[in-house]
Amino acid sequence: MRASHIVSPLIIVTVYAHPYSFPPSNQTFDEIAGGGPPNGSPPPSLTPATLAAFQLAGYNENLEAAFFEEGLQNITKYWHKVPSFPVNIVSVIEKIAADEEVHVKTAEGIVKHFNGTVIPRCKYVFPVSGVDEFLALGHLVTSIGIGGAIALADTFARNEAKPVRDIAAILAVEARHDSFFRITNKQIPNVSAFDTPLAGKLVFNLFQPFFAPRRRPTKFSFSFDPKQVQGSQDELFIGWLNQANKPDFVQLNVTSAGRGWAEVPPQLQGTAFAILTNNTAAVDVNAITMQALAIAPPLPIT
């Protein structure tokens, strides 16, 4: 037998999706925010330090956008005791969330323009159970973001002056966000004469408690072209290769022609390799390679 290949393995993963139906179908983030990313020409070039600063900015803004959108869902669906405010709190937070989405597009647009790697939005856990806690944590999250933006402006000033204007404009908006959270939480909006600059590594670590731990997958789905697979397909197995161990076989539960799913053995760690076979006779990597019907790309387990 010769090894074929799995055309497009369908891997079940948990990805972040906006939990609140936002923005509405008839509006865009730009429209709600009152404007989109700056439409001027980007700098002709960026130093590696400045590109890394924009990557960090996108990382920060993604977390802030996710926080406010999750707050919108909770306020509108789950938190039934919402205090009265002099303004429509949902409308204000929608505006803030849209601002953050525009900031995300701005930072990621620069990174993409200079062929950098965009840090994707993660899955987060925010420890709040009511509006008061949400407002208090909103102040904390925004304060960290402001401190990080000040440090980014310093990085830009040392390398390329043009982005300083954009980060300064973002800072002014972030400051108004923070004032809202302090006022609605019955606190003085301008508590100090200066905000505290926070180095990029410090911001990264301060935001870490809000990141949800990655869940270990319990099963993977696979698809393959049955016409390209040579050998019997009456009963199929996935042989898992991991570390220096012998293959660990589990049955492929076929759902339709060329499609099925298989459980992930609990002892697998790190990256594993899945090989489609029609028997469980192989006892080492060489044997299972020779009898492989199809081979999947490397699969991350932990």
Side-chain angles (χ1 to χ4, degrees), residues 15-72 91-122 124 138 141-181 195 197-198 200 203-204 207:
V15 297
Y16 178 84
H18 299 307
Y20 174 69
S21 184
F22 178 74
S25 58
N26 61 342
Q27 283 185 296
T28 65
F29 289 126
D30 294 4
E31 290 171 339
I32 297 172
N39 58 9
S41 301
S45 62
L46 289 183
T47 64
T50 303
L51 182 60
F54 273 111
Q55 290 173 309
L56 178 61
Y59 162 90
N60 296 347
E61 298 293 348
N62 262 312
L63 183 143
E64 292 183 62
F67 172 73
F68 296 120
E69 287 163 33
E70 184 172 316
L72 283 170
S91 296
V92 174
I93 297 173
E94 283 182 339
K95 178 83 169 175
I96 293 174
D99 289 343
E100 303 300 353
E101 290 286 0
V102 172
H103 297 166
V104 169
K105 286 197 296 183
T106 301
E108 292 185 349
I110 290 290
V111 173
K112 291 175 182 177
H113 179 81
F114 290 99
N115 299 316
T117 300
V118 170
I119 301 175
R121 182 166 297 188
C122 302
Y124 311 97
V141 167
T142 305
S143 295
I144 295 173
I146 289 173
I150 295 172
L152 292 177
D154 181 63
T155 299
F156 297 157
R158 293 171 185 270
N159 296 282
E160 286 92 10
K162 189 173 181 179
V164 173
R165 179 182 59 191
D166 294 338
I167 202 68
I170 288 176
L171 268 172
V173 174
E174 296 283 356
R176 287 195 285 273
H177 294 172
D178 191 49
S179 294
F180 165 78
F181 290 115
D195 278 301
L198 299 175
V203 172
F204 180 85
F207 276 153

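Note that these values count all heavy atoms, side chains included, but never hydrogens, waters or copies made by symmetry. Along the sequence shown, residues are numbered consecutively beginning with 1.
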Please report the shortest heavy-atom distance between [X] and [Y], naming the atom on each side.
{"X": "Gly116", "Y": "Leu51", "result": "CA-CD2, 4.2 Å"}
{"X": "Pro42", "Y": "His113", "result": "CG-NE2, 3.4 Å"}
{"X": "Ser45", "Y": "Phe114", "result": "CA-CE2, 3.6 Å"}
{"X": "Glu70", "Y": "Tyr124", "result": "OE1-O, 4.3 Å"}
{"X": "Ala107", "Y": "Phe54", "result": "CB-O, 3.7 Å"}
{"X": "Gly35", "Y": "Val102", "result": "O-CG2, 3.5 Å"}

Which distance, rounded to the nearest 0.5 Å, do you find between the [atom1] of [X] and the [atom2] of [Y]?
{"X": "Phe67", "Y": "Asn62", "atom1": "CZ", "atom2": "CG", "answer": "15.0 Å"}
{"X": "Leu63", "Y": "Glu100", "atom1": "CG", "atom2": "CD", "answer": "10.0 Å"}
{"X": "Ile96", "Y": "His177", "atom1": "CD1", "atom2": "NE2", "answer": "5.0 Å"}
{"X": "Glu64", "Y": "Ile144", "atom1": "CD", "atom2": "CD1", "answer": "9.0 Å"}
{"X": "Ile146", "Y": "Ile150", "atom1": "CD1", "atom2": "CD1", "answer": "7.0 Å"}

With a 4.5 Å heavy-atom cut-off, do Pro38 and Thr106 have their side chains touching? yes
Do Glu101 and Ile32 have side chains that approach each other closer than 4.5 Å (heavy atoms only, starting at C-beta)? no
Verdict with supporting geometry, His103 and Val173, side chain to side chain contact (heavy atoms under 4.5 Å, CB included): CA-CA 10 Å; His103 297 166; Val173 174; 4.3 Å; yes
Using salt bridge (charged side-chain N to carboxylate O under 4.0 Å, His left out), reason through Glu108 and Arg121 one step at a time and then give a plain yes or no. CA-CA 11 Å; Glu108 292 185 349; Arg121 182 166 297 188; over 6 Å; no
Would the distance check show the side chain of Gln55 and the main-chain N or O of Thr117 forming a donor-acceptor pair, the cut-off being under 3.5 Å? yes
Counting only heavy atoms not in Asn26 (residues, nucleotides, ligands), do more than 12 fall under 6.0 Å from its CG?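 Enclosed.
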